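In this chain, numbering begins with 1 at the start of the sequence shown. All values reported here derive from a predicted model rather than from experimental measurement.
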Amino acid sequence: MVFKTRHFSLQNWILPSIPMPKNNVSTEASIILSKTLFFDPRLNDEGKYALRYLLCPLFSWSDDLPKAKSHKIVALRQASPVITNTAFNSQKMWDGRKKSLEDQVIGPRPMISNDENAMTEQQI
């Protein structure tokens, strides 16, 4: 059976609009900033690895490893979750302790964790 784009049988698989908090609506400038940061290697203490180099589009922007690697290429405690369609997840982090993408970014992880980016609060 061959399916064509927008075939009625595929309607159940179409995602709704991306949910956005009212205080953080996506703009063209924020999209450009997000893409820039994703490809910017300065977001770790050594300035060597952009997030893009650790995650692969072929694996839904994950790393396809049993355990994620740190910025120093050391195995972490758990696998990297895929980030494709993560805006639709109601819980973030493996243990569900974060409830939004905005909440996940701020805090000891991932930006200032020694295991991940190892930045200081002053660098953020």
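Interatomic distance, Leu37 CG to Ile32 CD1, rounded to the nearest 0.5 Å: 12.0 Å. To the nearest 0.5 angstrom, Lys67 atom NZ is 10.0 Å from Arg77 atom CZ.
A side-chain donor-acceptor contact under 3.5 Å links Asp63 to the backbone of Leu65.
Pairing each heavy atom of Pro19 with each of Ala87, the nearest pair is CG-O, 3.5 Å. In this structure, Val25 and Ser30 approach most closely via the heavy-atom pair O-OG, 4.4 Å. When all heavy atoms of Ser26 and Met20 are compared, the pair lying nearest together is N-SD, 3.1 Å. Nearest heavy atom pair, residue Ala79 against residue Pro66, reads CB-O, 3.5 Å.
Under the 4.5 Å side-chain heavy-atom criterion for ILVMFWY residues, a single connected hydrophobic cluster contains both Phe39 and Ile83. Both Leu15 and Ile18 are assigned to one and the same hydrophobic cluster, defined by single-linkage of ILVMFWY side chains at heavy-atom distances under 4.5 Å.
Side-chain atoms of Leu101 and Lys92, non-hydrogen and from C-beta on, do get closer than 4.5 Å to each other.
Listed by chain and residue number, Arg97 satisfy the side chain to side chain donor-acceptor pair (under 3.5 Å) test with Asp95 (two or more places apart in sequence, or in another chain). Applying the side chain to side chain donor-acceptor pair (under 3.5 Å) rule to Asn85 yields no partners; only residues at least two apart in sequence or on another chain are considered.
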